[in-house]
Amino acid sequence: MNIFKLYRDKIIDILKSASKESLIKLPENLNSINVDIPPSKFNCDISTNVAMVLSKPNEKSPIALAEILSNLIKENDHYIDNISIEKPGFINLKLNKDFWNYFLKNIINDKNYGSQKSLNQKKYLVEFVSANPTGPLHVGHSRGAILGDVISNLLKFNNQIVTKEYYVNDYGNQILHFTKSVYLRACEILNKEVFPTDNPDLYPGEYIKHIAKNIIDENSNLNFNNFDDISRELTVLSVKESIKLIKFNLNNLGVNHDNFASETEIVKNNEVEEVIKKLKKDNFVYNGKIKAPEGEDNSNWVEREQLLFKSTDFGDDKDRPIQKADKSWTYFASDVAYHYTKLNRKYDLLINILGADHAGYIKRITAAVEALSGEKNKLICKVSQLVKLIKDGKPFKMSKRKGDYITVEDLINEVGKDATRFIMLNRSNDVEIDFDFSKVKEKSKDNPLYYVQYCYARISSVFRNINQNINNEIDIKKYDFDYSKDEIKILKKITEWPKCIEVTTEKFEPHRIPVYLYELSSDFHSYWNMGKEDESKRFITKDNKINDDKIVFLKIISNVIKSGMNILGVETPEKM
RNA sequence: GCGCCUGUAGCUCAAUUGGAUAGAGCGCUUGGCUACGGACCAGGAGGUUCUGGGUUCAACUCCUAGCAGGCGCACCA
């Protein structure tokens, strides 16, 4: 139940019938009419800008119009306690006690309060992480992993159908180098030769040794005398080990994909050739040359003719190569083929979560999806910005070459899953995060996660003290409560929850949820402390009982916190 | 050179998808625990929202021209 939508509909109905009676003139487009949350300093619950929007077509001042409209609104709605007009022409409504009873009765046992029930059900494919299967995940990956996971949870909360997919780039040069590294480590273990440290293409990380050891132990038939003889088999085994590590890391973060799609499979099934054939037919692929980028060192640049995709047709700044000099496909080519398989699986909307270093890739891949589907905005890409690691007050640079990067496993061991998720989600995905290892650990008390969890734990403690289960439904026959000003302040915050979900869903910006939960918790902690001086604000009475209005009040708050935390994939312990 | 992201209080960040006197945390500062859980709360100081134009009844938000920082730019994925 979104009361802002409810009142927007009500007001528009009122306007329409007033317009029929020629009392007012309506503009052609009613979209800019809003019903919103008023700033807290006003003693009211909802506000609308209608008078200002209608000012022009009616050739009246907003204030004059507001007087007419506010009378009309008041006559037509019995939940209004008071209606007032403010400066530029806002109409502010204060709702009466009947309204709050109606509202609470409506949502008290609604586990999905806040979800957008009016939304049509669609099929989504969310692709995220998709890190190269050449080793465990590091901190940077975790942000994208959490973002993708929470966007998926959010869609599911809104009753959408979601597939979470990981695209495994198990093809190409990086995999070859990776497999070679595993091979050389295996040779090292078998005392055949020392691992070369001077080859920058190889992966020197410690984990490669473990992978090699596992493969040796489990495959006694494998003969490590010649790389070429076993490279094919070893690639499969190495990637498998790598995926095992990655799945372990994802599991550390509380992330589970539904599906792992393999690039090798796509190449093997000739899907690349097929998709290029289709694009050629539609004139999106041609032979041409591209210019070297200016402003950087181009001394190695060799201009040559190659197969290009015409992404400039869709707003990209240059056309993009799909074939390398040696005639093999570029990464982009197989990715286009992969996206073609997504389209063939009949999803309504594709979502990709990318790391900041791949942001420059967005235009070409959305262009490709548009070329293939003929639909704009079929693919939506969200970027998870950099996580800047700070240790002891100094930036900590990670180097994949040296193998000294901080893995997800390190992160979880230090900070924990819930804190990692909450901290990463608490900021907009478009801004870089300073992740100060020592600080997050030391100052765990200042962590916003605990602030929200503490709120839930406090509510739980009340239920525990009166021997009730916080998870049970509330059964109250008559809703005839008269809440105080301080309680209504929190109930108002509760009315914002569906709006928060709506905006979060529309913009795919999960940070709005932790921000909201923090604010709600803050209001609650504040109220809780009032109980020290004002006995009427305490939940449990002297004879160890609780009144129905307080039960309802607590239950609503805990419900919202719980569903918010569920979307974030974070626990709500009843005791801390 | 081009593209994308960012620029808001001393620091880290929000801002109801264009609304009213721009809000939190940290830090600084003054107070509050015989109390349903102090991992908490109440108060104070702190702002030319990077700059210049424009659109609008209304701009942190949109457009435009700049400035600063980050990321990226075929033959890696």
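Chain letters run A, B, ... following the sequence lines, proteins first, then strands; residues in each count from 1. Basis for what follows: all heavy atoms, side chains included, without hydrogens, waters or symmetry-related copies.
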Undergrad: Which pair of non-hydrogen atoms, one from A/T330 and one from A/P321, has the smallest distance, and what is that distance?
TA: OG1-O, 3.3 Å
Undergrad: Please name the nucleotide paired to B/A35 by Watson-Crick or G-U wobble geometry with both distances under 3.5 Å, or report none.
TA: none
Undergrad: Could you tell me whether the side chains of A/N352 and A/H339 share a donor-acceptor contact shorter than 3.5 Å?
TA: yes
Undergrad: Please tell me which of the listed nucleotides, B/A20, B/U16, B/A35, lies nearest to the side chain of A/P38?
TA: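 Among B/A20, B/U16, B/A35, the one nearest the side chain of A/P38 is B/A20.
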Undergrad: Quick one: does A/K291 reach the base of B/G1 with a side-chain donor-acceptor pair under 3.5 Å?
TA: no
Undergrad: Would you indicate which nucleotide in B/C2, B/C36, B/C41 comes nearest to any side-chain atom of A/D317?
TA: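 Comparing B/C2, B/C36, B/C41 against the side chain of A/D317, the answer is B/C2.
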Undergrad: Nearest whole angstrom, please: distance from the P of B/C40 to the OH of A/Y454.
TA: 7 Å
Undergrad: Checking all strands, does A/A131 fall into the base, sugar-phosphate, or nothing category for heavy-atom contacts under 4.0 angstrom?
TA: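 A/A131: no heavy atom of the nucleic acid under 4.0 Å.
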Undergrad: From C-beta outward on A/M576, which listed nucleotide comes closest to its side chain: B/G19, B/A42, B/A39?
TA: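 The answer is B/A39.
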Undergrad: With heavy atoms under 4.0 Å as the rule, sort A/K56 into base, sugar-phosphate or nothing.
TA: sugar-phosphate
Undergrad: Which is true for A/K318 with a 4.0 Å heavy-atom rule: it touches a base, it touches only sugar-phosphate, or it touches nothing?
TA: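 If one applies the 4.0 Å heavy-atom cut-off, A/K318 turns out to touch the sugar-phosphate alone, with no base involved.
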Undergrad: Taking A/R143 for its side chain and A/V387 for its backbone only, find out whether a donor-acceptor pair lies under 3.5 Å.
TA: no
Undergrad: Hey, which of these two, A/P62 or A/G360, hits RNA chain B nearer its 5' end, going by closest nucleotide?
TA: A/P62
Undergrad: Tell me if the side-chain of A/N92 makes a donor-acceptor pair with the base of B/A20, cut-off 3.5 Å, by modelled atom types.
TA: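 Side chain to base: pair present.
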Undergrad: Can you tell me how far C1' of B/G18 sits from CG of A/N29, to the nearest Å?
TA: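 Computing the A/N29:CG to B/G18:C1' distance gives 14 Å.
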Undergrad: Counting only Watson-Crick or G-U wobble pairs whose two distances fall under 3.5 Å, which nucleotide matches B/G23?
TA: B/C13
Undergrad: Pick the nucleotide of RNA chain B nearest each of A/E533 and A/D326; which residue has the one closer to the 5' end?
TA: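 Of the two residues, A/E533 wins.
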Undergrad: Please tell me which of the listed nucleotides, B/G72, B/U16, B/C36, lies nearest to the side chain of A/V462?
TA: B/C36
Undergrad: Would you mind classifying the nucleic acid contact of A/S461 as base, sugar-phosphate or nothing, using non-hydrogen atoms under 4.0 angstrom?
TA: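 A/S461: base contact, heavy atoms under 4.0 Å.
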Undergrad: Check for me whether the distance between the ring centres of A/F284 and A/F314 falls short of 6.0 Å.
TA: yes
Undergrad: Select one nucleotide: of B/G19, B/U16, B/A15, the one nearest the side-chain heavy atoms of A/H511.
TA: B/A15
Undergrad: So what does A/E86 touch, heavy atoms closer than 4.0 Å: a base, only the sugar-phosphate, or nothing?
TA: base
Undergrad: Do A/D335 and A/Y167 have side-chain atoms, one donor and one acceptor, less than 3.5 Å apart?
TA: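 There is no such pair between these side chains.
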Undergrad: How is A/R458 classified with respect to the nucleic acid when contacts are heavy atoms under 4.0 Å: base, sugar-phosphate, or nothing?
TA: sugar-phosphate
Undergrad: Quick one: which of B/G72, B/U16, B/C40 gets closest to the side chain of A/H525?
TA: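 Among B/G72, B/U16, B/C40, the one nearest the side chain of A/H525 is B/C40.
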Undergrad: Please give, in whole Å, the distance from B/G3 C1' to A/I365 CD1?
TA: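 Atom CD1 in A/I365 sits about 17 Å away from atom C1' in B/G3.
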Undergrad: Determine the interatomic distance between C1' on B/G53 and the same-named atom on B/C13; round to the nearest Å.
TA: 29 Å
Undergrad: Using whole Å, what does the distance between atom P of nucleotide B/C5 and atom CZ of A/F508 come to?
TA: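 Going from CZ in A/F508 over to P in B/C5 covers 17 Å.
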Undergrad: Under a 3.5 Å cutoff, is there a donor and acceptor pairing between the side chains of A/Y338 and A/E165?
TA: yes
Undergrad: State whether the distance check finds a donor on one side and an acceptor on the other, under 3.5 Å, for side chain A/H358 versus base B/A77.
TA: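 A donor-acceptor contact between them is present.
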Undergrad: Tell me yes or no: between the side chains of A/S115 and A/N158, is some donor less than 3.5 Å from an acceptor?
TA: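 Checked: A/S115/A/N158 side chains show no N/O donor-acceptor pair below 3.5 Å.
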Undergrad: Counting only Watson-Crick pairs (N1-N3 plus N6-O4 or O6-N4) and G-U wobbles (N1-O2, O6-N3), all under 3.5 Å, who is the partner of B/C62?
TA: B/G54
Undergrad: Any base atoms under 4.0 Å from A/P293, or only sugar-phosphate, or nothing? Heavy atoms, all strands.
TA: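 Contact class for A/P293: base.
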Undergrad: Could you measure between the two P atoms, the one in B/G27 and the one in B/G70, and give it in whole Å?
TA: 29 Å
Undergrad: Return the value, rounded to whole Å, for the distance between atom CD of A/E432 and atom C1' of B/G69.
TA: 8 Å
Undergrad: Indicate whether the side chain of A/T505 and that of A/E502 have a donor and an acceptor atom separated by less than 3.5 Å.
TA: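 There is no such pair (donor and acceptor under 3.5 Å, judged by atom type) between the side chains of A/T505 and A/E502.
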Undergrad: Among B/G19, B/C40, B/U21, which nucleotide has an atom closest to any side-chain atom of A/F90?
TA: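 Within the option list, the nearest is B/G19.
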Undergrad: It should be established whether A/W528 places a side-chain nitrogen or oxygen under 4.0 Å from OP1 or OP2 of nucleotide B/G38.
TA: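 For B/G38, OP1/OP2 do have a side-chain N/O of A/W528 under 4.0 Å.
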Undergrad: Of all the choices, B/C36, B/A20, B/A77, which nucleotide is nearest to the side chain of A/N169 once you look at every atom?
TA: B/A77
Undergrad: Under a 3.5 Å limit for both distances, which nucleotide forms a Watson-Crick or G-U wobble pair with B/G3, could you say?
TA: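 Paired with B/G3, as far as the under-3.5 Å criterion goes, is B/C71.
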Undergrad: Hey, does A/P39 reach any base, or is it just sugar-phosphate, or nothing, if we go heavy atoms under 4.0 Å?
TA: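 Base contact.
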Undergrad: Name the nucleic acid region contacted by A/E263, choosing base, sugar-phosphate or nothing; use a 4.0 angstrom heavy-atom cut-off, strictly under.
TA: sugar-phosphate
Undergrad: Regarding A/F332, tell me which of base, sugar-phosphate or nothing describes its non-hydrogen contacts under 4.0 Å with the strands shown.
TA: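 Nothing, no nucleic acid heavy atom in range.
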Undergrad: Any N or O donor-acceptor pair under 3.5 Å from the base of B/G19 to the side chain of A/N49?
TA: yes
Undergrad: Could you check how far NZ of A/K363 sits from P of B/C4, rounded to whole Å?
TA: 4 Å
Undergrad: May I ask you to say what A/K507 touches in the nucleic acid, namely base, sugar-phosphate or nothing, with a heavy-atom cut-off under 4.0 Å?
TA: base
Undergrad: Identify whether any heavy atom of A/V431 sits under 4.0 Å from a base atom; if not, whether one sits that close to sugar-phosphate; answer base, sugar-phosphate or nothing.
TA: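 A/V431: backbone/sugar contact only, no base atoms under 4.0 Å.
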Undergrad: Can you confirm if the NZ or CZ of A/K499 lies within 45° of the ring axis of A/F4 and under 6.0 Å from the centre of its six-membered ring?
TA: yes
Undergrad: Over all strands shown, is A/E574 touching base, sugar-phosphate only, or nothing at heavy-atom distances under 4.0 angstrom?
TA: base
Undergrad: Check whether any side-chain nitrogen or oxygen of A/K388 sits under 4.0 Å from OP1 or OP2 of B/U12, and answer yes or no.
TA: no
Undergrad: For B/A15, take OP1 and OP2 only and decide whether either is under 4.0 Å from a side-chain N or O of A/R512.
TA: yes
Undergrad: Out of B/G37, B/A77, B/C36, which has the shortest distance to the side chain of A/Q174?
TA: B/A77
Undergrad: A/F435 has an atom CZ; how far is it from atom P of B/C11, in whole Å?
TA: 22 Å
Undergrad: Any base atoms under 4.0 Å from A/S47, or only sugar-phosphate, or nothing? Heavy atoms, all strands.
TA: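 Here A/S47 touches the bases of the nucleic acid.
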Undergrad: Do A/T134 and A/Q174 meet the criterion of a side-chain donor-acceptor pair at a distance under 3.5 Å?
TA: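 Note: A/T134 and A/Q174 side chains miss the donor-acceptor criterion.
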Undergrad: Taking NE2 from A/H177 and P from B/A77, how many angstroms apart are they, rounded to a whole number?
TA: 9 Å
Undergrad: Does a side-chain N or O of A/N465 approach OP1 or OP2 of B/G37 to a distance below 4.0 Å, or not?
TA: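 Result: yes.
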Undergrad: Considering every strand shown, what is the Watson-Crick or G-U wobble mate of B/U8 when both distances are under 3.5 Å?
TA: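 Its partner is none (no Watson-Crick or G-U wobble pair with both distances under 3.5 Å).
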Undergrad: Identify which nucleotide among B/C41, B/C71, B/G25 has an atom closest to any side-chain atom of A/D357, counting heavy atoms from C-beta outward.
TA: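 In terms of side-chain proximity for A/D357, the closest of B/C41, B/C71, B/G25 is B/C71.
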